Amino acid sequence: MARTDRIAEPWGTRTPYGPGEEWPTRVDVHLADGLTEDDVDRWEQSASILHSNGDGLDIAVKDDRIVGVRGRAVDRVNHGRLGPKDLFGWQANNSPDRLTTPLIRRNGKLVETDWDTAMDAVVGRAKELLAEQGPSAISFYTTGQLFLEEYYTLGLIAHGGIGTNHVDGNTRLCTATAAAALKESFASDGQPGSYTDIDSADVIALYGHNMAETQTVLWTRILDRLAGPNPPKVICVDPRQTPVARHATVHLAPRPGTNVMLMNALLHEILANGWIDAEYVKAHAVGYDELVQRVEDYPPELAAEICDVPVAQIREAARIIGTAERLLSSALQGFYQANQSTAAAVQINNIHILRGMLGKPGCGILQMNGQPTAQNTRECGADGDLPAFRNWSNEEHVEDLARVWNIDPMDIPHYSPPTHAMQMFRYAEEGSIRFMWVQATNPAVSMPELGRMREILAQDRLFLVVQDIFLSETAQLADVVLPAATWGEKTGTFTNVDRTVHLSEKAVEPPGAAKPDLDIFLDFARRMGLKDKDGRPLVKWSTPEEAFEGWKECTRGRPCDYTGLSYDKLRGGSGIQWLCNDEHPDGTEHIYVDGQFWSAPDYCESYGRDLVTGAPLSPVEYKAMNPSGKAVLKAAEYLPPHEVVSQDYPFQLMTGRTLYHFHTRTKTARAPQLQKAAPEVWVEMSASDAADRGFAEGDLLEVSTARGRVEAKLRISGIRPGAIFLPFHYGYWDEPSGHEPDGKRGRAANELTITDWDPASKQPIFKTAAAAVRRLAKADGPSAAPTTTGSRPVVDGVPPTTGGPAAMSTETLSTETLGTEEIATVAGGAR
Ligand SMILES: Nc1nc2c(c(=O)[nH]1)N[C@H]1C(S)=C(S)[C@@H](COP(=O)(O)OP(=O)(O)OC[C@H]3O[C@@H](n4cnc5c(=O)[nH]c(N)nc54)[C@H](O)[C@@H]3O)O[C@H]1N2
Ligand SMILES: Nc1nc2c(c(=O)[nH]1)N[C@H]1C(S)=C(S)[C@@H](COP(=O)(O)OP(=O)(O)OC[C@H]3O[C@@H](n4cnc5c(=O)[nH]c(N)nc54)[C@H](O)[C@@H]3O)O[C@H]1N2
Ligand SMILES: [Mo]
């Protein structure tokens, strides 16, 4: 057993392994100061929530309080490992800042109230607006951080009960492109890949995905392969020198916003060299000729110029990808939050279809999710889509859903595409949406163009309900605040990126009068008097497990078939990958085996869209293009970023994450180890750009765009010249308990970002804005950016990021290397 500072060493100790071998076990534990595992009263099964990886863990409980976490050795996802946010983030649950009672606005101020008063206000306003204007006045802006049971219930209430088309999640900012890219290529959502593909892949390509910081345990799996015999080659596409880039065989650092150009050049090379599986393509794909024709115009020389990447590097990357025997690819926000996001992500799918690298070990695509339960937002229809990957433009699918819900098909809005979040906020701005219920998301910090956002959310004519666990920046603008119970305080299931479903048990009581999100929805449905067509209650369950059983019926026969799962089956062992039914009782590691897809016209979730205009294809157009349900090779022309640099705004501004914080920091700023590792905002710039302007590490800079300004200290990092980077985690408050509601300090990256989105997925563009930079003050020391991550300094004299005694955590390695005492520990981890 080793004790490790997991702030200084986020990925912990290496356990090398070779291709085709089992990833060794390493059980990570962190407990509150001074406690050992013997002090713990009980362990409750759960999984991690501050990213999408779905690492199995047990919650330690002592005296009815959460006192720590331990990775689950038996879980297929993490084999016992945990990342820094998992090890330390649970402390936020115990924060004295938690909301413990509903709040209501009286004379301009939020004051404490009881549940009856708060819910009467919510239901009263909803009924008034329904009578006055109808369902189009009502909107729900949800999240990727609730549980499956909660989304399914919300989807039923919103679509089947209220009958509004205005339902979306912050998943629009997060995984909309993942879903859109899968729908374009395979006509259905659902991840083709499995994390076990890392165990046998010989090439792993990461596109705009800083996995080392954002899915730390998944990256640990790759690090362990890299440390073992016959390691895989790694391709990294990222304008910054991230930890992924530092481990890459080839690191392509393109100009932000040029992903489609680069992808087309890679495809050009792959096709020109015949590195394709012609038989597979002929048997299982449509669209080949158009793709060949399209990428002919994109030789590597052209991409080298537009992307500003050496041509030899593009050729080398294409050769490695083109000659891989088992290729695993992943993509995330560097691809998804750029312009042309769907077009870029689809080209990754194209590579796999062309090379026949789907549905077998080592050959996966991970169109990644970010949030822990974003997959369920999509599956359950809380993002506007219909539940269980039903097709909103297929009448039969709508009828089938109406059958499951026992309502009239006409009561389910499907007259036009679901309203996406960016449009919902536009409608609120224009005044047609007058009721917005925000759950578990903080748009006053996470949406683009915050000046505009604050104006929309603060309008008198908009009735704003915010359901959160803290008084977030958004909650401060609400008419009613509903205090929620969270992870560890409520029961539910959720599904990670590789379709693994985990059960998360209630470990402790929520603080004060806080209630599980599910109970809040159920209460709303009851008070609204929502009924099915026989006059019985529309929502037929009152517990999470009953909701799960309801969901199972909704998925029967659909791609995401959950009918073989149950709470009991998920208890005690590992998470299980859907599709799980009678035919596949142990779950499904690989979908799309033998070129079988879910894309038949009568079964598919989506007919696809035009990648440039975003217009949905009609059923007739789709049938003509893909009559027998094959994979779709979809070509795209390159279009330059919408906002280009100018003399006034010479830099390309990217925004994103650091390893130690989660989003708007409502949780991670309340975990002392994490907050200390990245205490304040910084801005990254290359050494050459800094030298040109005479800037030094730690100088206080003003970063501005046409939308606003932010102050941040300079970190001179390995970012490409011409680009700068701001983490988007820092909202308006300085300290966990000291809110600064006026927001005038200017440190939230989204003060600067633009209201603009990809035409197909509607995901906003957070990664390319034209920005100016000037110095406000000379340095009085280095910036506080972490040194272990993408913000690693390229100048000397910056003290390394460490966690000290408070960050020490235990690691217990695999049985082979252990004595009996440690084997007992591992077995304990397996329960
Ligand atoms: N530590 C931590 N982990 C998290 C989260 C968190 O907040 N903190 N959030 C979770 C969530 S919800 C999400 S969505 C994921 C996000 O996970 P990631 O997508 O990995 O994180 P980002 O930092 O948003 O962006 C990834 C990279 O995109 C690069 N990039 C920017 N512009 C471009 C471009 O034009 N082209 C290319 N190729 N790359 C570009 C940036 O340099 C950055 O390194 O992380 C999840 N995990
Ligand atoms: N500039 C820029 N902006 C971005 C991004 C970027 O890369 N750059 N990334 C985008 C992406 S990918 C994402 S996912 C979003 C994330 O943006 P947000 O969703 O706004 O960020 P969070 O801080 O995760 O907000 C979640 C809220 O839910 C609350 N909460 C936590 N658990 C529970 C619960 O169980 N119940 C309830 N009711 N509330 C709970 C938290 O206290 C918090 O206020 O940001 C997006 N915005
Ligand atoms: Mo996200």
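What you see is a predicted model; the values in this text were computed from it and never measured. We count ligands from 1, going down the list as the structure has it; atoms in each ligand are counted the same way.
- For the residue pair Ser341 / Gln763, no side-chain donor-acceptor distance below 3.5 Å is found, with atom types taken as modelled.
- Judged by distance alone, the side chain of Arg246 and the main-chain N or O of Thr789 form a donor-acceptor pair under 3.5 Å.
- Near Thr242, with a cut-off below 4.0 Å to any heavy atom, the atoms of ligand 1 are 44 (O).
- For ligand 1, the atoms sitting less than 4.0 Å from at least one non-hydrogen atom of Asn210 are 20 (O), 26 (C), 44 (O), numbered in the order shown with element in parentheses.
- Heavy-atom contacts of Lys85 reach the following atoms of ligand 1: 1 (N), 2 (C), 3 (N), 8 (N) (cutoff under 4.0 Å).
- Close N/O approach between His209 and ligand 1 is not found [any backbone or side-chain N/O within under 3.5 Å].
- Listed by number with element, the atoms of ligand 1 under 4.0 angstrom from any heavy atom of Phe335 are 38 (N).
- In this structure, ligand 2 sits under 4.0 Å from heavy atoms belonging to Gln145, Leu146, Asn170, Leu173, Cys174, Gln333, Gln337, Gln371, Ala440, Thr441, Asn442, Ser446, Gln467, Asp468, Ile469, Phe470, Ser472, Ala484, Ala485, Thr486, Lys490, Asp517, Thr655, Gly656, Arg657, Phe662, His663, Thr664, Thr666, Lys667, Phe728, Asn750, Phe766, Lys767.
- For the pair Lys490 and Phe147, the cation sits on the ring face: its NZ or CZ lies under 6.0 Å from the ring centre, inside 45° of the axis.
- Ring pair Phe728/His663 is tilted by interplanar angle, where 30° to 60° counts as tilted.
- Using a 4.0 angstrom heavy-atom cutoff, Gly257 counts as in contact with ligand 1.
- Under a cutoff of 6.0 Å and an axis angle of 45°, Arg172 and Tyr141 do not form a cation-pi pair.
- Judged by the 6.0 Å distance and 45° axis criteria, Arg240 is positioned over the aromatic ring of Phe725.
- Shown in contact with Thr658 at under 4.0 Å from a heavy atom are these atoms of ligand 1, numbered in order with element: 1 (N), 2 (C), 8 (N).
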